[in-house]
Amino acid sequence: MLDSALAALASLTDPGMLLMLLIGVISGLVMGLIPGLGGTAAVAILLPVTFGMEPASALALLIGALAVVHTSDTVSAVLLGAPGSASASVTMLDGYAMARKGQAKRALSLAFLSSMAGGIIGAIGLTLAIPLARPLVLSFASPELFMLTVLGVALAAVLSRGNVIKGLTAGLAGLLVGMIGTAPTTAEERFTFGSLFLGDGLSLVAVALGIFGLAEIASRASQRRGDKQSVEVTGGWGSGIREWLGHWSQVLRGGLIGIWAGVLPGVGATAGTWLAYGQAVATAKDKRKFGKGDPRGIVGPESANNSVEAGDLIPTFLFGIPGGVPSAMLLGMLLTYGIQPGPSIINEHLDLLYMIIWAFAIASVLGALFCFLTVRPLSSLTKVPFSILAAGLVVIMLLGSFQDGGQLGDLWVMLLLGVCGWVLKSTGFPRAPFLIGFVLAIPMERYYFLTDSLYEGFEWMLRPGTMVFIAILVLPILWNVFKWVRARRKLGADDDPKSDSAPDAEAPLKNSVWSLGAAAVLLVVFAGSLVLSSSYSPDAKLVPQLVGWVGVIMSLALLAIEIRTRKLAVAASNRISVDATAYLAGEAVIPAQAAVTHGGSGSPGQQATATGRSMAPAAPSGGPIKGLTGAAGTSGGTGWGPKWTSEAAFALRTFAWMGGFLVLTALLGYLAAISIFLPAFLLIVARAKLKTTIIYTAVFFALMLALPSLLPIDLPQGLLASWL
């Protein structure tokens, strides 16, 4: 193993590898700076560039970006109070407060150094995991590998933030989409509707960029300008560095918590950073300064969010269970290179595994160094409105999707999945289980049939490793059921409908007619898959039928929950209206009684005011009045939640713009489409200045014109160009 580790380090001294690592680091820093993008967008955008590269170079590029995304996302969190990713929102609490006191450099130095340390701690954890887990992984056979793929989808759904049923339904939908194409056992085409294009299955890049990339752009493109005033980069770097050394134990604890959060599928960086923040608060003697610029609120979470990414790679590479979206895309990339996770990667590609570890550690150091040197110019990028960035991101993402298969059909699939991704996000469905299900669909089916051919009946379930994995799968489900039953007993059957229908900033259309419609559409999709797969051969239809039936059950449960939530919201709204009416009636009567009691002393106005003051603290209907306002505001008085909001209209218009760009590309070619789409989008949607629009378009056009000569990239050609 030591030989492999040294050989991997030696491979990184190659200038080509170092260049790829450097490009990855710079790309990751830029992606981390832009609020809303983060590691998912960084890997998704860079993934198409890796086509044609050697696996080692491709991994150096992607790991370089992934390792530093959480280093640069601190800049916008500290200077703007707008975190570059969800995990950086923890840093914002104390970092932004510190920056507003004129100590931005102190906060940033604490964050950069902690991120670097977290990356190194994570790399060490990954290094130690290999010899510890190696005997276990090498003992795995096809039953254990099959159960691991099942666990990957189930745990990501169960442990995801939010509704477990929604997570499971999204994971099943991902499995179904992953089965489009040729069956791995019978070479029979499934769900292709006779299309040759769908025969090879859907592109991982198109699915990932659509579900996450385009959906994110559509939901954020309405942000034409920042609404917060940035603070200046002032203070001293030295004081932050000295202070960071004094908090080394918090850095270490944060890094270990991050590794633990990364190992658990579906937990992710956001939960890991909050856990690190929570332990910092819990173990502190003086808790009063947290949230007001306390350095302990920065070092622990920043160390955790970088080590989470390294911890995530442990189950991804050693067990084939991706814990998050970026690692799912990395796993998909490895599978396209023919590199299987688990025993295969340990036996045949151990040097590649150590190269990843070295790349992660080196990238963490480089990322912190770059951030120290370039924080001022980088901070100016955070002031650019997202709608202006969105135009270029759409052009890059669509080009990236085209590089995978070289077909325009991939772009239309990506756009369709982008709409699906926006609906899933807006209605509160976690999207990570969907992508993990898509990536694991074919390996799951392949391992199952291999197991079925080697073992009689359910004999394979009696293997010790398989029984352990079944227990890991069942216990969280039983625990969630137990928690749900206990919560119901405490609350009663319908005591708190507002908690179910409470508005969610991340999912503004949750508990609305939109989420009800999404559940109905999913039910139709799963039922349709049952009908379509019924005509396949027994081996080809077994897994699709199983997924379809479970999906139907989940969708029906989801529909029942949605309808019940609507009924409770309507009942609560009616009850609140009655209470408010009774309160208002009582308020009108009591002053009259008071006037009689006091023998008409004082004016009526004075009596009413006095009554109001005496009633307000004791009146139980003081809440209902506020509740009435809240209910009316969120449900529109009907209990059906928001219907056609301005954000939804803008998002769908953005998708229409993307569709128009695809039509132009199909007709005129990519370069001609850019020259029309970019200025039109910038002037009409982003409302950019004419000078900015001209320079932006010219730079992008020149870059795309030169790109095919710099990288192995083909630009889409239009029908008119081929006719001419």
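In what follows, residues are counted from 1 in the order of the sequence shown.
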For Gly548 and Ser529 the tightest heavy-atom approach is CA-OG, 3.8 Å
Heavy atoms of Ser142 and Leu450 approach each other most closely as CB-CD2, 3.8 Å
Suppose we screen for side-chain contact (heavy atoms from CB on, under 4.5 Å). Which residues come up paired with Tyr448, at least two apart in sequence or across chains?
Phe146, Asp452, Leu542
Which residues pass the side-chain contact (heavy atoms from CB on, under 4.5 Å) test with Ile470, sequence neighbours left out?
Met147, Met461, Thr466, Val474
Non-hydrogen side-chain atoms of [X] and [Y] separated by less than 4.5 Å:
| X | Y | result |
| --- | --- | --- |
| Phe191 | Leu198 | no |
| Leu399 | Pro716 | yes |
| Thr565 | Ile561 | yes |

Please verify the inter-ring angle class for Phe655 with Trp422; under 30° counts as parallel, over 60° as perpendicular, anything in between as tilted.
perpendicular
For residues 140-154, pull every pair meeting salt bridge (charged side-chain N to carboxylate O under 4.0 Å, His left out), keeping only residues two or more places apart or in separate chains.
Glu144-Arg463
Spacing of [X] atom [atom1] and [Y] atom [atom2] [to the nearest 0.5 Å]:
| X | Y | atom1 | atom2 | value |
| --- | --- | --- | --- | --- |
| Thr427 | Leu516 | OG1 | CG | 11.0 Å |
| Leu435 | Leu417 | CG | CG | 10.5 Å |
| Ser515 | Leu424 | OG | CG | 11.5 Å |
| Thr316 | Asp312 | OG1 | CG | 4.5 Å |
| Thr451 | Leu145 | OG1 | CG | 8.0 Å |

Counting only heavy atoms from other residues, nucleotides and ligands, does the tally under 6.0 Å from CG of Leu462 exceed 12?
yes
Does CH2 in Trp549 sit with more than 12 non-hydrogen atoms of other residues, nucleotides or ligands closer than 6.0 Å?
no
Regarding Lys541 and Ser534, do their side chains bring together a donor and an acceptor under 3.5 Å, going by distance alone?
no
Going by atom types alone, do Ser537 and Glu188 pair a side-chain donor with an acceptor below 3.5 Å?
yes
Applying side-chain contact (heavy atoms from CB on, under 4.5 Å) to Asp410 and Met414, what does each step give before you reach the verdict?
CA-CA 6 Å; Asp410 286 330; Met414 180 178 162; over 6 Å; no
Take Leu454 and Trp460, measure what side-chain contact (heavy atoms from CB on, under 4.5 Å) needs, and give me the verdict at the end.
CA-CA 9 Å; Leu454 294 175; Trp460 59 273; over 6 Å; no
Counting distance only, does the side-chain N/O of Gln545 pair as donor-acceptor with the main-chain N or O of Leu530 below 3.5 Å?
yes
Tell me whether Arg190 is salt-bridged to Glu445, with the criterion being a basic N under 4.0 Å from an acidic carboxylate O.
yes
